There are 2 protein chains.
Amino acid sequence: MRKGLHDKPANCMVEVAMEILGGRWKLAIVYKLLQRTHRFGELHREMRGITPRMLTRQLRELEEDGIIARMVHREVPPRVEYSLTDTGRSLETIVGLLDTWGRSYLDDHPAVQAG
Amino acid sequence: MRKGLHDKPANCMVEVAMEILGGRWKLAIVYKLLQRTHRFGELHREMRGITPRMLTRQLRELEEDGIIARMVHREVPPRVEYSLTDTGRSLETIVGLLDTWGRSYLDDHPAVQAG
DNA sequence: CGGTATCCCTTCCGATACTG
DNA sequence: CAGTATCGGAAGGGATACCG
C-alpha cells in the first residue's frame, strides 16, 4: 500500500477514492484493462501521449493500491501482462458512468475556439 | 470554460471527466453541494484542511466548467451561496458510487500502521 | 464575510536518452 | 520488450498575512 493513503483526514470517502484514482492516467488505464489484459507495450501504444516513465509509475501505484495485477512471464523476449484485480473490476460501473458523463459533457460544452 | 479542457487528445471520455473533476477537493465540494446550497464560510468550516485560497480556486474552476453556480447577495455583511448546476447534479450517481467504493476500499484495505 | 497576496514546497508529468 | 535515469517545467497545494 502506498504511503499517504490514510494519513490525510478525509471529509468523505469520495476523497479516499480520488486519492487512489486521481491523476490523468489512472482511470484511463483501468478503462483499458476492463476490456482485456494488456502488455506494457500495448498500453503504451494505445494510450497515446503517455511516456514509458509515467506509464510505469502509474501501473506501479495501481498495483500497490491493489487495483491491478502484474504478471511477469520469464521468457525471451520478456512479457509482462497487466490485469485488473477484483477491486479493480469493482470500478467497472463507475468508469462506465464517468465515460458517459464525459461524453455528454463534451456534447453540452463544446470547445469555443476552433483553432 | 477553462483553457486546456479540450486541447489534450483524450483516449477515452474518462480522461475528460477526470480533467474536470480531478484533484483533491473538486468532488468533495460537489458531494457537499449535493446535500444543499452552501455559503463560502460553511464549506470552509465543514471541509477541514482546505485553505481559503484553495477553496476559492476550486470553486472558481468548478464554476468555469459549469458544475456549480455562484450567487452573490449584495448585503452587509456579504453573502455568497454556491449551488450545483444541472450538470453538477448529474454527478449524483457517480459521486454516490465513489463514496461507496471508497468506504469499502478502506474496509478491505485497512491502514497497516495504527499511529 | 468572503475573499486576495505573497511565498514556497511538493507532486505531476513530459522529453530525451539509455539498459538488461 | 519492458522498462530506468536524469532533467526540468507546470500545476497542485499549504502557511501566513492582509483587504473591501
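Chain naming here is simple, since letters A, B, ... match the order of the sequence lines and numbering starts at 1 in each. A quick note: this is a predicted structure, and the numbers were derived from the prediction, not measured.
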Quiz item: Got a donor-acceptor contact below 3.5 angstrom from the Ser83(A) side chain to the Thr37(A) backbone?
Solution: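 Not at all, since once roles are kept as given, no pair shorter than 3.5 Å links the two residues.
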
Can you measure [X] atom [atom1] to [N] atom [atom2] for me and round it to whole angstrom units?
| X | N | atom1 | atom2 | answer |
| --- | --- | --- | --- | --- |
| Phe40(A) | dG20(C) | CZ | P | 17 Å |
| Gln58(B) | dG3(C) | CD | P | 14 Å |
| Leu55(A) | dC13(C) | CG | C1' | 13 Å |
| Glu15(A) | dG12(D) | CD | P | 16 Å |
| His38(A) | dA2(D) | NE2 | C1' | 16 Å |
| Glu19(B) | dA11(D) | CD | P | 10 Å |
| His44(A) | dT16(C) | NE2 | P | 13 Å |
| Met54(A) | dA11(D) | CE | P | 15 Å |

Exercise. Could you verify whether a donor N or O on one side chain and an acceptor N or O on the other, from Glu81(B) and His73(B), lie under 3.5 Å apart?
Key: yes

Exercise. Hey, which sits more toward the 5' end of DNA chain D by its nearest nucleotide, Trp25(B) or Pro77(A)?
Key: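 Checking each residue's closest nucleotide, the 5'-ward one belongs to Pro77(A).
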
Quiz item: Want to settle it: does Glu42(A) or Pro52(B) sit nearer the 5' end of DNA chain D, counting the closest nucleotide to each?
Solution: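 Looking at DNA chain D, the more 5' nearest nucleotide goes with Glu42(A).
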
For [Y], is there an ion pair with [X] - N to carboxylate O distance below 4.0 angstrom?
| X | Y | value |
| --- | --- | --- |
| Arg103(B) | Asp99(B) | yes |
| Arg48(A) | Glu15(B) | no |
| Lys32(B) | Glu46(B) | yes |

Quiz item: For Tyr82(A) and dC1(D), is the shortest distance between a side-chain N/O and OP1 or OP2 below 4.0 Å?
Solution: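 It does not, given that no N or O in the side chain of Tyr82(A) lies less than 4.0 Å from OP1 or OP2 of dC1(D).
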
Quiz item: Is any side-chain nitrogen or oxygen of Arg24(A) closer than 4.0 Å to OP1 or OP2 of dG14(C)?
Solution: yes

Practice problem: With the side chain of Pro78(B) defined as its heavy atoms from C-beta on, choose the nearest nucleotide among dA15(C), dG20(D), dA2(D). | Solution: dG20(D)

Quiz item: Any donor-acceptor pair under 3.5 Å joining the side chain of Arg53(B) to the base of dG13(D)?
Solution: yes

Quiz item: Looking across every strand, which nucleic acid part, if any, lies under 4.0 Å from Arg57(B) by heavy atom: base, sugar-phosphate, or nothing?
Solution: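 Touches a base.
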
Quiz item: Starting at the 5' end of DNA chain C and moving along, which residue's nearest nucleotide shows up first, Arg45(B) or Arg60(B)?
Solution: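 Nearer the 5' end of the strand: Arg45(B).
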
